[in-house]
Participant: 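First the structure, then my questions, so here it is.
Counting starts at 1 for both ligands and their atoms, in listed order. Reckoned from all heavy atoms, side chains included, excluding hydrogens, waters and symmetry mates. Remember, it's a predicted structure, so these values are computed and weren't measured experimentally.
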Amino acid sequence: MIKFLDLKAINAAYENELKEACARVIDSGWYIMGNELEQFESKFAEYCETKYAIGVANGLDALILVLRAWKELGKLSEGDEVIVPANTYIASILAITENELVPVLVEPDMETYNLTKEGIEAAITPRTKAVLPVHLYGLISPMPEIMQIAKEHNLLVLEDCAQAHGAMTDGKKAGSWGDAAGFSFYPGKNLGALGDAGAITTNNDELAQTLIALRNYGSHKKYENSYQGLNSRLDEIQAAMLRVKLKYLDSETASRQNIADHYLRGINNSLVEVPKLNVDGEHVWHLFVVRCAYRDALIKHLVEHDIQTLVHYPIAPHKQQAYSEFNHLSFPLTEKLQDEVLSLPMSPCLSEQECQKVIDAINSFKVV
Ligand SMILES: *Cc1c(COP(=O)(O)O)cnc(C)c1O
């Protein structure tokens, strides 16, 4: 079977190094907030071309903590509006509502699946205080335009980079454009730990100092608490795993780009729409998402060819029971995506033969 994502195979490539790193942490006798975290934070900041990278427990916390820090710093207050794509993973929206801010859902562009300048501008009200662009599937949002709008309207920008480690536009990395960015290192992400982990990047000194306290009970100094903080730390074992994996991120991204290139050149079926490439920016292909009006039939056809696929995401946030207050809203483009998107196998370990099998199976798909 061609798996959607074979995590065991991905990590097996670094087995010895990961085990050595693990042993190093065990032998150190120091498991939280130590040298591994410091080393990883410094390398990841360097990678993202930002002044700071601050390790936290997961990607959702990264987003929650930035918005919380802006509240502590008096830049946001309860009831302020935050513009966010309607078609994102629910975590982006949870970070907003967790802080008692108001998510303003905006339809995506149907070629990039990201926010657009026009969409954001139409959603701005006197209460809008921030924009939360999500670099969905690994393609960076139009950040030069978004930063321009933010400047004109005095908005904060928080990038959701959970799917876009290393993506770029205009020669600048995802996570270095906004006032801050949240990353996830969930095992299935492009840079994946062997458990939960996340990070925040920023160039802002005041924000960084606030976040360093907030992730650790609101404390800068042991047993002295400036804020009612959280416990959201990136532990030494995961930091050590990430130090190993970060070294190989760019070569894994190149493999993903190579697979995407094969798919784009090989897939040729009028029933299946492949991603458009007339977009700015370097795509890191967290997911390769096609669209098909006969998705259930396509999934079945691919299963018959021993190919596993997934849907990102089958229920849009505004249709979730958790957000019953939004269930009456209508986002036709987001709902069309919810019904049509299908993610093909994508991983740095997918072989060319496997890739070709997927292409052949898709090209032989018909509706009867
Ligand atoms: C994975 C993901 C998150 C959350 O990351 P976790 O580490 O799972 O908490 C946030 N936003 C997006 C777009 C994601 O894909």
Participant: May I have the list of side-chain donor-acceptor pairs in residues 264-271 shorter than 3.5 Å, sequence neighbours left out?
Facilitator:
| residue | atom | partner | partner atom | Å |
| --- | --- | --- | --- | --- |
| R265 | NE | D261 | OD2 | 3.4 |
| R265 | NH2 | D261 | OD2 | 3.2 |
| N269 | OD1 | L271 | N | 2.9 |
| N269 | ND2 | I362 | O | 2.8 |
| N269 | ND2 | F365 | O | 2.8 |

Participant: Please tabulate, one line per pair, the protein N or O atoms found under 3.5 Å from any N or O atom of ligand 1, giving the distance to one decimal.
Facilitator:
| residue | atom | partner | partner atom | Å |
| --- | --- | --- | --- | --- |
| ligand 1 | 5 (O) | S184 | OG | 3.2 |
| ligand 1 | 7 (O) | G59 | N | 2.8 |
| ligand 1 | 7 (O) | S184 | OG | 2.6 |
| ligand 1 | 9 (O) | G59 | N | 3.3 |
| ligand 1 | 9 (O) | L60 | N | 2.9 |
| ligand 1 | 11 (N) | D160 | OD1 | 3.3 |
| ligand 1 | 11 (N) | D160 | OD2 | 2.8 |
| ligand 1 | 15 (O) | Q163 | NE2 | 2.8 |
| ligand 1 | 15 (O) | K189 | NZ | 3.0 |

Participant: Does either side chain, that of S28 or that of E236, offer a donor lying less than 3.5 Å from an acceptor on the other one?
Facilitator: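 Result is no, nothing qualifies.
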Participant: Give every residue pair that meets the salt bridge (Lys or Arg N to Asp or Glu O under 4.0 Å) criterion with at least one member in residues 68-78, sequence neighbours excluded.
Facilitator: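 For residues 68-78, and leaving out neighbouring residues, the salt bridge (Lys or Arg N to Asp or Glu O under 4.0 Å) pairs sorted by first residue read R68-E72.
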Participant: Report yes if some heavy atom in the side chain of L65 is under 4.5 Å from a heavy atom in the side chain of R215; otherwise report no.
Facilitator: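 Of all side-chain heavy-atom pairs linking R215 with L65, at least one is under 4.5 Å.
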Participant: By the salt bridge (Lys or Arg N to Asp or Glu O under 4.0 Å) test, which pairs, at least two apart or in different chains, include something from residues 123-132?
Facilitator: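 For residues 123-132: D80-R127, D80-K129.
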Participant: I want to check something: taking the side chain as every heavy atom from C-beta on, are M110 and L337 in contact at a cut-off of under 4.5 Å?
Facilitator: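 Side-chain contact under 4.5 Å: yes.
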